[in-house]
Each structure stands twice: as structure tokens, then as C-alpha cells.
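Reading through the C-alpha cells given below for one structure.
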Number of protein chains: 2
Amino acid sequence: MLNNENSCALPHKHAENEYKVINDMPSDDTIRSVSGILKQLGDPSRLKIFWLLCHCEECVINIAAITNMTSPAVSHHLRLLKSSGLITSRREGKEMYYKAADTEMANSLHLTIESIADISCPN
Amino acid sequence: MLNNENSCALPHKHAENEYKVINDMPSDDTIRSVSGILKQLGDPSRLKIFWLLCHCEECVINIAAITNMTSPAVSHHLRLLKSSGLITSRREGKEMYYKAADTEMANSLHLTIESIADISCPN
DNA sequence: AAAACAATTTAAAGATTATTTAATTGTTAA
DNA sequence: TTAACAATTAAATAATCTTTAAATTGTTTT
């Protein structure tokens with residue numbers, strides 16, 4: 001058993017619970033997965049797009065117009081958001097419509113965003 | 001009044017509520033602020049450090065040992081987390097001790113992280 | 001005061017990511 | 001089937017960020 005109180009792998013011994021904490025630590029895969037999701041919304045352009053798509057369904061050129069970005073840039077971010085499972089798309093004629101995914105993850109992140117906005121910018 | 005139903009600034013008119021949504025859109029400052037916070041935890045190294053510091057107080061070399069990083073790298077990430085207000089520090093002798101800030105923001109983000117981990121990695 | 005330890009800073013390298021422009025694909029309407 | 005519009009892709013550039021190695025600062029102990 002590694003990282004227990006006897007093997008004493010840590011340079012210093014401080015807290016009593018620190019080896020228990022290390023044992024409960026999320027795996028690298030979990031860390032990567034969670035940070036991968038949060039990274040999506042850590043970019044202001046994508047956060048703006050995601051917020052918008054939480055509130056209405058829109059086509060690419062409208063998203064570009066609303067967010068002051070070019071279509072290719074929007075397309076790039078939409079692709080990332082979609083492959084993270086945060087948004088979905090459908091085609092109708094010439095246009096692609098995007099909206100926030102109807103999932104626990106997307107809904108939960110939407111709430112988190114509003115909450116952070118309230119806490120950090122209490123206007 | 002810009003972006004109302006008459007000025008018709010959008011290339012296409014789709015949803016009925018889209019101009020209402022645009023009017024309610026968070027300011028660029030708010031978007032930057034929220035994405036700035038989320039970006040902190042969008043990096044796997046910082047997420048790991050923050051998770052650890054949500055569960056115990058630790059000194060820099062222990063954090064480095066636990067996360068398999070060098071001290072300078074840890075120091076760099078600690079500085080970013082601290083200037084975002086997510087962690088605090090205190091000196092005791094030669095060592096600097098870090099832990100998660102006791103704020104609504106830090107607590108809320110901790111819950112969000114655990115929630116995302118549960119949703120995306122249901123082990 | 002010197003030596004040892006802990007942490008930070010700096011500068012540079014390496015890696016990743018965002019944006020732009022141009023070209024291309026897909027769909028509809030003339 | 002050609003023209004027009006919407007969206008994506010590709011290549012290149014620009015910008016940002018992470019990590020490393022070396023040097024420096026701060027604190028304690030001998």
C-alpha cells in the first residue's frame with residue numbers, strides 16, 4: 001500500500017488526514033475529464049456562445065453577429081462545445097441550428113455560470 | 001435602442017425571444033470575469049491542486065510531491081489560484097501553507113467539481 | 001555568520017490554442 | 001444547372017499558457 005502513514009512518501013508530515021485525502025484523490029482520468037469540461041467555458045468566446053445557446057437556438061451567422069466573431073471562429077468553437085457534449089445541432093435547409101444540450105451536465109453548468117456571475121459581479 | 005425588433009441587426013430572424021435574450025446578455029466584463037474563474041480550473045494541474053486544497057492545508061513541496069510537479073510549477077499555479085481568490089496562504093517558519101479560500105465562490109466551485117466528476121465519471 | 005531548507009522569481013523553451021484568410025462543401029432558389 | 005447563401009475546413013499566423021532550469025529571496029538552525 002502506497003501513500004499510507006508508514007511509507008511516509010511525503011517530504012513533510014503536516015495534517016493528520018493528508019494520506020486519507022491522497023487516497024481519495026480523483027484519478028488522473030477524472031481530473032482530465034473535469035478540467036476538460038471546465039476549459040470549454042474558460043474561454044470567453046465559448047462562454048458567451050454557450051450562455052447564448054442556453055437561452056435560445058441560433059444559426060451560425062446569428063451567433064457570429066451577436067458575439068462579434070467571424071463565422072469560421074464561431075464554427076471552431078461550436079465544434080469544441082459539441083464534441084464536449086455541451087451543445088447539439090440540427091440542420092434546417094441551408095442553416096445549422098445550435099442550442100445547449102438538454103443534459104444534466106449542460107444544465108448544471110448553466111446554473112454554475114449564473115451563480116459565479118452573481119457572486120463575482122453583484123450588479 | 002439597439003438590438004430591438006425593429007432595428008433588425010441580425011442577419012436572420014428566427015426565435016421570437018432572441019432580441020430579449022441579447023438584451024439580457026451578460027456584459028463583456030461579466031463574461032471575462034466568469035470565464036477567468038473557470039479557466040483556472042480548466043487546467044488539470046490547477047484543478048488537482050485546488051481539489052487537494054479543498055480537502056487539506058498543505059505546504060508547497062508536499063503539493064509538488066502529491067501532484068508530481070516541480071516546486072516552481074506548483075508555485076506558478078498557486079499564484080494564479082491565489083490571485084483569482086480561490087486559495088489563501090499563510091507562512092509558518094520556512095514553509096508556506098495553502099488551502100482553499102473559505103468563500104462562497106470556492107465552496108461553490110468545489111461542489112461543481114464534485115458534481116461534474118459524478119456526472120462524467122460515474123464510478 | 002554560515003549552512004540548509006523552503007519558496008519564489010526570472011527567462012526561455014515548448015506546447016497548446018485562438019483567430020484570420022482563403023478555399024471548399026452543402027443546400028436552396030432562380 | 002447556375003447563382004447565391006450558409007457553414008465548415010485547411011493552412012498559416014498570432015497569441016497564450018505551461019513547464020523547465022537557474023538564480024534569488026526568505027527563514028531557521030547550527
Side-chain angles (χ1 to χ4, degrees), chain A residues 10-15 18 28 31-32 35-50 52-53 57-84 86-99, chain B residues 10-15 18 28 31-32 35-50 52-53 57-84 86-99:
Chain A
L10 292 185
H12 296 301
K13 172 88 178 88
H14 298 309
E18 64 192 349
D28 281 358
I31 290 289
R32 242 190 308 275
S35 67
I37 293 285
L38 292 174
K39 173 177 289 180
Q40 293 308 310
L41 305 175
D43 176 80
S45 302
R46 277 195 298 274
L47 180 62
K48 211 171 180 178
I49 292 173
F50 180 71
L52 177 67
L53 298 181
E57 191 183 43
E58 277 292 1
C59 67
V60 176
I61 49 176
N62 269 9
I63 297 172
I66 293 169
T67 59
N68 278 319
M69 302 176 64
T70 64
S71 288
V74 168
S75 235
H76 169 246
H77 290 302
L78 289 172
R79 190 174 58 80
L80 293 178
L81 287 170
K82 194 179 174 190
S83 60
S84 293
L86 298 180
I87 63 174
T88 60
S89 64
R90 68 180 174 89
R91 179 178 281 279
E92 188 177 314
K94 284 182 283 193
E95 291 160 27
M96 290 290 291
Y97 288 88
Y98 288 89
K99 66 174 179 182
Chain B
L10 292 184
H12 295 302
K13 173 87 178 88
H14 299 307
E18 66 193 348
D28 281 358
I31 290 287
R32 243 189 307 276
S35 68
I37 293 285
L38 293 174
K39 173 177 291 182
Q40 294 308 311
L41 305 176
D43 176 78
S45 303
R46 277 195 299 275
L47 180 63
K48 210 169 180 181
I49 292 173
F50 181 70
L52 177 67
L53 299 180
E57 191 183 42
E58 276 293 1
C59 67
V60 176
I61 49 176
N62 269 9
I63 298 172
I66 294 169
T67 60
N68 278 319
M69 303 176 63
T70 63
S71 289
V74 168
S75 233
H76 171 245
H77 290 304
L78 289 172
R79 190 173 57 79
L80 292 180
L81 288 169
K82 193 179 176 191
S83 60
S84 294
L86 297 180
I87 63 174
T88 61
S89 64
R90 70 181 173 87
R91 179 178 281 279
E92 188 177 313
K94 283 183 282 193
E95 292 161 26
M96 290 290 291
Y97 288 87
Y98 288 88
K99 65 173 179 181

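The sequence lines fix the lettering, A, B, ..., with proteins before strands; numbering per chain opens at 1.
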*Please determine, for the side chain of A/Thr70, which listed nucleotide (C/dA18, C/dT8, C/dT20) has the closest atom?*
C/dT20
*Between atom CD1 of A/Ile31 and atom CD1 of B/Ile49, what is the distance when rounded to the nearest 0.5 Å?*
10.5 Å
*Considering non-hydrogen atoms only, spot the tightest contact between A/Phe50 and A/Ile87 and give its length.*
CD1-CG2, 4.1 Å
*A/Glu95 CD to C/dT27 C1': how many Å, rounded?*
10 Å
*Would you jot down, in residue-number order, the residues of residues 38-46 of chain B having a non-hydrogen atom under 4.0 Å from DNA chain D?*
B/Lys39, B/Asp43, B/Ser45, B/Arg46
*Starting at the 5' end of DNA chain C and moving along, which residue's nearest nucleotide shows up first, A/Arg91 or A/Met69?*
A/Met69
*Most 5' of A/Lys94 and A/Val74 on DNA chain D, judged by nearest nucleotide*: A/Lys94
*asked:* Working to the nearest 0.5 angstrom, can you tell me the gap between A/Ser35 OG and B/Leu38 CG?
replied: 12.5 Å
*Touch check for A/Ile63, heavy atoms < 4.0 angstrom, all strands: base, sugar-phosphate only, or nothing?*
nothing
_Smallest separation among heavy atoms of B/Arg46 and B/Gln40, with atom names_ = NE-O, 2.8 Å
*asked:* Nearest whole Å is fine: how far is C/dT19 P from A/Arg79 CZ?
replied: 13 Å
*asked:* For A/Leu81, is there any backbone N or O sitting under 3.5 Å from a side-chain donor or acceptor partner on A/Arg79?
replied: no
*Rounded to the nearest 0.5 Å, what's the gap from CG on B/Leu78 to CG on B/Leu86? Could you check?*
11.5 Å
*What are the two closest non-hydrogen atoms of A/Tyr97 and A/Cys59, and how far apart are they?*
CD2-N, 4.0 Å
*Hey, does A/Tyr98 reach any base, or is it just sugar-phosphate, or nothing, if we go heavy atoms under 4.0 Å?*
sugar-phosphate
*So, the side chain of A/Arg91 versus the backbone of A/Gly93: is there a donor-acceptor pair under 3.5 Å, distance only?*
yes
_Length of the CE-C1' vector between A/Met96 and C/dG26, whole Å_ = 11 Å
*asked:* In whole Å, I'd like the distance from the NE2 atom of B/His12 to the P atom of C/dT28.
replied: 14 Å
*Contact nearer the 5' end of DNA chain C, comparing A/His76 with A/Gly93*: A/His76
*First and last nucleotide of DNA chain D touching chain B, 5' to 3', heavy-atom cut-off 4.0 Å?*
D/dA6 to D/dT28
Show me the donor-acceptor pairs within less than 3.5 Å that the side chains of residues 60-71 of chain B make with the rest of the protein, sequence neighbours left out.
| unit_1 | atom_1 | unit_2 | atom_2 | d |
| --- | --- | --- | --- | --- |
| B/Asn62 | OD1 | A/His12 | N | 3.0 |
| B/Asn62 | ND2 | A/His12 | O | 2.8 |
| B/Asn62 | ND2 | B/Glu58 | OE1 | 2.9 |
| B/Thr67 | OG1 | B/Ile63 | O | 2.7 |
| B/Thr70 | OG1 | B/Ala73 | N | 3.4 |

